[in-house]
Number of protein chains: 2
Amino acid sequence: MILIIVKRKTIIVAGGQGVRMHSDVPKQFLPVAGQPILMHTISRFVSWDPDMEIIVVLPEPYFDLWNSHCRRYHFSTPHRLAAGGDTRFHSVQGGLRLIQEPCLVAVHDGVRPLVSHDTLSRVFDGAAEHGNAVPVTTIGQSMRRLDPDGTSHPVKREEYRLIQTPQCFLSDILKKAYSQEYRPLFTDDASVMEAMGERIQLVEGNPENLKITRPADLKYAEALLR
Amino acid sequence: MILIIVKRKTIIVAGGQGVRMHSDVPKQFLPVAGQPILMHTISRFVSWDPDMEIIVVLPEPYFDLWNSHCRRYHFSTPHRLAAGGDTRFHSVQGGLRLIQEPCLVAVHDGVRPLVSHDTLSRVFDGAAEHGNAVPVTTIGQSMRRLDPDGTSHPVKREEYRLIQTPQCFLSDILKKAYSQEYRPLFTDDASVMEAMGERIQLVEGNPENLKITRPADLKYAEALLR
């Protein structure tokens with residue numbers, strides 16, 4: 001048995017334009033519980049592992065706005081910026097370009113500030129053991145599936161899982177996966193890995209780790225982050 | 001064309017024992033934004049239709065506690081109590097026994113205080129037109145389905161819907177459905193109807209209309225009800 005100590009890095013993808021929020025401010029910059037969502041998100045990772053290296057992927061036109069926010073909110077947690085692309089896939093590629101040496105790399109949505117430290121432990125430990133780990137939650141509500149004829153039928157919710165981030169990987173494998181040609185079916189990192197034939201490992205996420213996309217989600221995050 | 005005006009009634013099922021909430025108080029009685037959840041839920045229906053007739057199904061041992069809460073919180077919205085049974089199915093049966101004349105009847109979870117007036121319009125109007133209406137929401141997160149061999153694969157979330165309440169029906173059909181023998185696969189009213197061969201109509205719910213089952217849900221409700 002050989003023990004290799006590798007660094008943990010996290011690419012936080014924050015490319016959203018805030019359309020669904022009915023707001024001119026991109027949603028990752030919306031203030032919640034005293035500071036922009038994205039700062040909460042970054043802090044979650046660094047409070048779990050103070051040595052965590054953070055790469056934030058933003059649309060390049062927002063770099064100045066972000067830097068001025070950091071000054072205004074006295075946000076001094078070290079991180080690097082990478083320029084986002086047209087799709088999430090291209091944004092992750094942008095982040096990966098800043099990663100050279102082998103490491104464990106997590107890819108996380110900037111608007112998921114409620115990831116728990118337990119979830120972070122599970123995804124990084126899972127990836128160290130299996131090469132990758134994807135956090136999921138069970139589904140608490142009854143579900144139906146739509147049929148092509150316009151009807152629907154109940155399905156067993158126990159057989160389904162909701163996918164969250166951070167999805168965590170050995171960097172070499174993830175970089176190889178992201179060297180593939182872009183395909184529209186790439187909805188998350190797991191799907192990019194699977195297109196290369198990798199088998200995905202599921203670990204337990206935390207239900208509060210919501211992706212903030214609607215005004216009600218913002219109130220939820222406000223309540224939990226206060 | 002014959003226009004028939006029927007009354008709207010709602011059976012609010014509040015039989016829960018609060019196990020998941022780590023609380024001795026049954027969760028429908030937990031205070032949120034100044035009063036027990038169940039009072040918020042009742043008020044949603046009555047503020048939409050002041051003529052709405054409300055039947056609350058509670059475990060019989062809680063009747064006194066509920067009545068004392070009503071006095072304490074000066075909650076004077078008229079409603080009748082029905083005794084709950086061992087399962088949701090039996091509780092709904094208990095509520096239906098109080099309904100004689102034909103009407104539109106909705107069955108709603110007591111711990112869903114965030115149903116919107118728009119959703120109420122859609123379910124009652126839908127049931128008036130089609131005989132039944134079940135509110136659903138789209139799924140905002142990526143989904144995977146577990147395979148029997150321990151792996152999993154992505155599924156198209158667009159093909160699935162999450163089921164909410166109130167589920168609304170013509171009372172005669174619902175009473176007939178609930179005269180069936182109980183079967184464990186009856187997870188909601190729609191499944192009871194379908195076992196009788198009825199076709200279920202889906203209408204749009206509202207995403208905030210969460211079933212409050214976990215402490216984080218309580219914070220969410222608190223934030224939205226304040």
Side-chain angles (χ1 to χ4, degrees), chain A residues 20 109 112 114 116 134 136-148 150-165 167 185-191 194 199-202 205-226, chain B residues 20 109 112 114 116 134 136-148 150-165 167 185-191 194 199-202 205-226:
Chain A
R20 271 188 284 189
D109 298 325
R112 289 193 192 261
L114 291 162
S116 72
V134 170
V136 297
T137 58
T138 54
I139 299 176
Q141 292 173 276
S142 297
M143 274 204 317
R144 296 179 78 89
R145 184 170 180 183
L146 307 181
D147 297 316
T151 63
S152 65
H153 64 275
V155 295
K156 289 184 182 157
R157 67 175 184 215
E158 300 80 13
E159 294 176 358
Y160 295 83
R161 294 291 182 275
L162 294 176
I163 306 300
Q164 306 186 325
T165 73
Q167 303 184 358
L185 64 81
F186 291 157
T187 54
D188 64 353
D189 312 290
S191 57
E194 281 178 321
R199 180 172 159 171
I200 294 302
Q201 304 292 330
L202 306 184
N206 61 297
E208 306 77 25
N209 182 19
L210 193 78
K211 187 171 181 174
I212 297 181
T213 51
R214 294 180 292 225
D217 302 333
L218 210 58
K219 289 192 182 179
Y220 177 73
E222 180 84 33
L224 291 190
L225 288 171
R226 281 229 171 261
Chain B
R20 269 187 286 189
D109 298 325
R112 289 191 192 263
L114 291 162
S116 72
V134 171
V136 296
T137 58
T138 54
I139 299 176
Q141 290 173 278
S142 297
M143 274 205 317
R144 296 179 78 89
R145 186 170 179 182
L146 307 181
D147 298 315
T151 63
S152 65
H153 64 276
V155 296
K156 289 183 181 160
R157 67 178 185 213
E158 300 80 13
E159 294 177 358
Y160 295 84
R161 294 291 182 274
L162 295 175
I163 306 300
Q164 304 186 326
T165 73
Q167 303 184 359
L185 64 79
F186 291 159
T187 54
D188 65 353
D189 312 292
S191 57
E194 281 179 322
R199 181 172 158 169
I200 294 301
Q201 304 293 330
L202 306 183
N206 60 297
E208 305 78 24
N209 182 19
L210 193 78
K211 187 170 183 174
I212 298 182
T213 50
R214 294 180 291 224
D217 303 333
L218 210 58
K219 290 193 181 177
Y220 177 72
E222 180 84 34
L224 292 190
L225 289 170
R226 281 226 172 263

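Every chain is numbered from 1, with letters handed out A, B, ... down the list of sequences. Since the model is a prediction, treat every value here as computed from it, not as a measurement.
- Only the side chain of B:Ile139 comes within contact range of chain A, judged by heavy atoms closer than 4.5 Å.
- Two residues are said to be in side-chain contact when any heavy atoms from C-beta on lie closer than 4.5 Å; A:Thr165 and A:Asp188 fail this criterion.
- With a 4.5 angstrom heavy-atom cutoff, B:Val155 touches chain A only via side-chain atoms.
- Contact annotation for B:Arg161: both backbone and side-chain heavy atoms come within less than 4.5 Å of a heavy atom of chain A.
- Neither the backbone nor the side chain of B:Glu222 comes within less than 4.5 Å of any heavy atom in chain A.
- When the candidates A:Leu210, A:Leu224, A:Leu185 are compared by the number of heavy-atom contacts under 4.5 Å with chain B, A:Leu224 comes out ahead.
- In terms of modelled atom types and a separation under 3.5 Å, the side chain of B:Asp189 and the main chain of B:Gln167 share no donor-acceptor contact.
- At a 4.5 Å heavy-atom cutoff, the contact between A:Leu162 and chain B is made by backbone and side-chain atoms alike.
- Atom OG of A:Ser152 and atom CZ of B:Arg199 lie 8.5 Å apart (nearest 0.5 Å).
- Heavy atoms closer than 4.5 Å to chain B are found nowhere in A:Ser191, neither backbone nor side chain.
- Of all the heavy atoms in B:Gln164 and B:Thr137, the pair that sits closest is NE2-CG2, 3.3 Å.
- For the set A:Ala190, A:Pro154, A:Gly150, A:Pro207, the entry with the most heavy-atom pairs within less than 4.5 Å of chain B is A:Pro207.
- Contact annotation for A:Arg144: both backbone and side-chain heavy atoms come within less than 4.5 Å of a heavy atom of chain B.
- In this structure, the portion of A:Glu194 lying under 4.5 Å from any heavy atom of chain B is its side chain and not its backbone.
- B:Leu202 is listed as a side-chain neighbour of A:Leu146, based on a closest heavy-atom distance under 4.5 Å.
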